[in-house]
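A quick write-up on the structure given underneath.
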Amino acid sequence: MKFLIHETLRTLNSDDVFEFGLGEISRSGQHDDFYEAEAVFRRNNKGRKHKVPGLSEFDVVRRFMQYIGINLRAIAKNDSVEFDLDGLTLDEYIPLTKTIRDIFDE
């Protein structure tokens, strides 16, 4: 699978490795005015896939970031996992409160 976005995160306090990615964005087969892509989220090579729909390519990327951010925050909270984010907080690494255009403008 080709990825538009692909990232691997290591943890500071465990041997867990997290990998996530967003496949190529294409028109939805069911709705002509929608786009979609497949998001992949893996923890120690055990993965799950999720279809990410949206009205535009930007919307698909934004929803992907929300999906990954929610999953990583839940794992950090529930499993007490600390990620190695090169000094950034998880909110700075994957912001959920900003639009894609705000992020690109920074």
Side-chain angles (χ1 to χ4, degrees):
M1 170 184 237
K2 287 185 176 181
F3 290 106
L4 293 176
I5 299 171
H6 184 260
E7 185 70 45
T8 301
L9 287 178
R10 306 217 181 278
T11 58
L12 295 173
N13 60 343
S14 72
D15 293 332
D16 290 339
V17 176
F18 293 86
E19 184 179 8
F20 53 90
L22 180 69
E24 294 184 40
I25 300 172
S26 60
R27 290 255 185 210
S28 172
Q30 298 172 343
H31 306 285
D32 289 338
D33 53 346
F34 274 88
Y35 291 86
E36 66 183 11
E38 190 171 68
V40 176
F41 186 84
R42 293 185 187 118
R43 180 179 187 173
N44 299 327
N45 292 324
K46 295 178 186 172
R48 62 180 179 246
K49 296 180 181 182
H50 176 75
K51 286 274 188 201
V52 183
L55 292 172
S56 68
E57 288 102 337
F58 276 125
D59 199 29
V60 171
V61 173
R62 183 182 56 80
R63 286 180 182 215
F64 165 73
M65 290 176 66
Q66 287 178 329
Y67 171 73
I68 296 303
I70 289 167
N71 279 290
L72 290 176
R73 284 178 179 82
I75 289 168
K77 181 180 177 186
N78 297 338
D79 298 347
S80 299
V81 170
E82 289 182 50
F83 294 103
D84 184 6
L85 303 175
D86 296 321
L88 297 174
T89 67
L90 200 54
D91 288 336
E92 292 168 330
Y93 193 76
I94 301 179
L96 292 181
T97 57
K98 296 181 182 180
T99 66
I100 296 294
R101 292 192 193 280
D102 292 338
I103 295 167
F104 285 144
D105 288 344
E106 290 181 350

Could you tell me whether N78 atom CG has more than 12 heavy atoms of other residues or ligands within 6.0 Å of it? yes
Closest contact, heavy atoms only, P53 versus V60: C-CG2, 4.0 Å
Please evaluate residues F83 and L72 with respect to the criterion side-chain contact (heavy atoms from CB on, under 4.5 Å), reporting the C-alpha separation (whole Å), side-chain torsions for both, the decisive distance (0.1 Å), and the verdict. CA-CA 9 Å; F83 294 103; L72 290 176; 3.7 Å; yes
Sub-4.5 Å side-chain heavy-atom contact between F3 and V40: yes
Closest heavy-atom contact between G23 and A37? O-CB, 3.7 Å
Where the side chain of T11 meets the backbone of D16, is there a donor-acceptor pair that is under 3.5 Å apart? yes
Using 0.5 Å steps for rounding, measure from the CZ atom of F34 to the OG atom of S26. 13.5 Å
Joint hydrophobic cluster, L4 plus Y67, side-chain heavy atoms closer than 4.5 Å: yes
Report yes if some heavy atom in the side chain of R48 is under 4.5 Å from a heavy atom in the side chain of N71; otherwise report no. yes
Establish whether L9 and I5 are linked, either directly or via other cluster members, by ILVMFWY side-chain heavy-atom contacts under 4.5 Å. yes
So does E82 get a backbone contact from the side chain of N13, meaning a donor-acceptor N/O pair under 3.5 Å? yes
More than 12 heavy atoms from other groups under 6.0 Å of CZ on R27: yes
Counting N and O atoms only, with roles assigned by atom type, does the side chain of R73 sit under 3.5 Å from a partner on the main chain of G69, one being a donor and the other an acceptor? yes
Fit a plane to each ring of F41 and F18, take the angle between them on a 0 to 90° scale, and name the class: parallel (under 30°), tilted (30 to 60°) or perpendicular (over 60°). tilted
Would you give the length of the straight line joining atom CG of N44 to atom CD of E19, rounded to the nearest 0.5 angstrom? 11.0 Å
Side-chain contact, heavy-atom cut-off 4.5 Å: I75 with R43? yes
Distance col, row R62:CZ vs L55:CG, nearest 0.5 angstrom, shows 9.5 Å
For the CD atom of E36 and the NZ atom of K51, what is their distance to the nearest 0.5 Å? 4.5 Å
To the closest 0.5 Å, what do you measure between CD1 (I68) and CG (L22)? 8.5 Å
Using only atom types and a distance under 3.5 Å, with no angle test, would you say the side chain of R63 pairs donor to acceptor with the backbone of V52? no
Does D15 have more than 12 heavy atoms from other residues, nucleotides or ligands lying within 6.0 Å of its CG? no
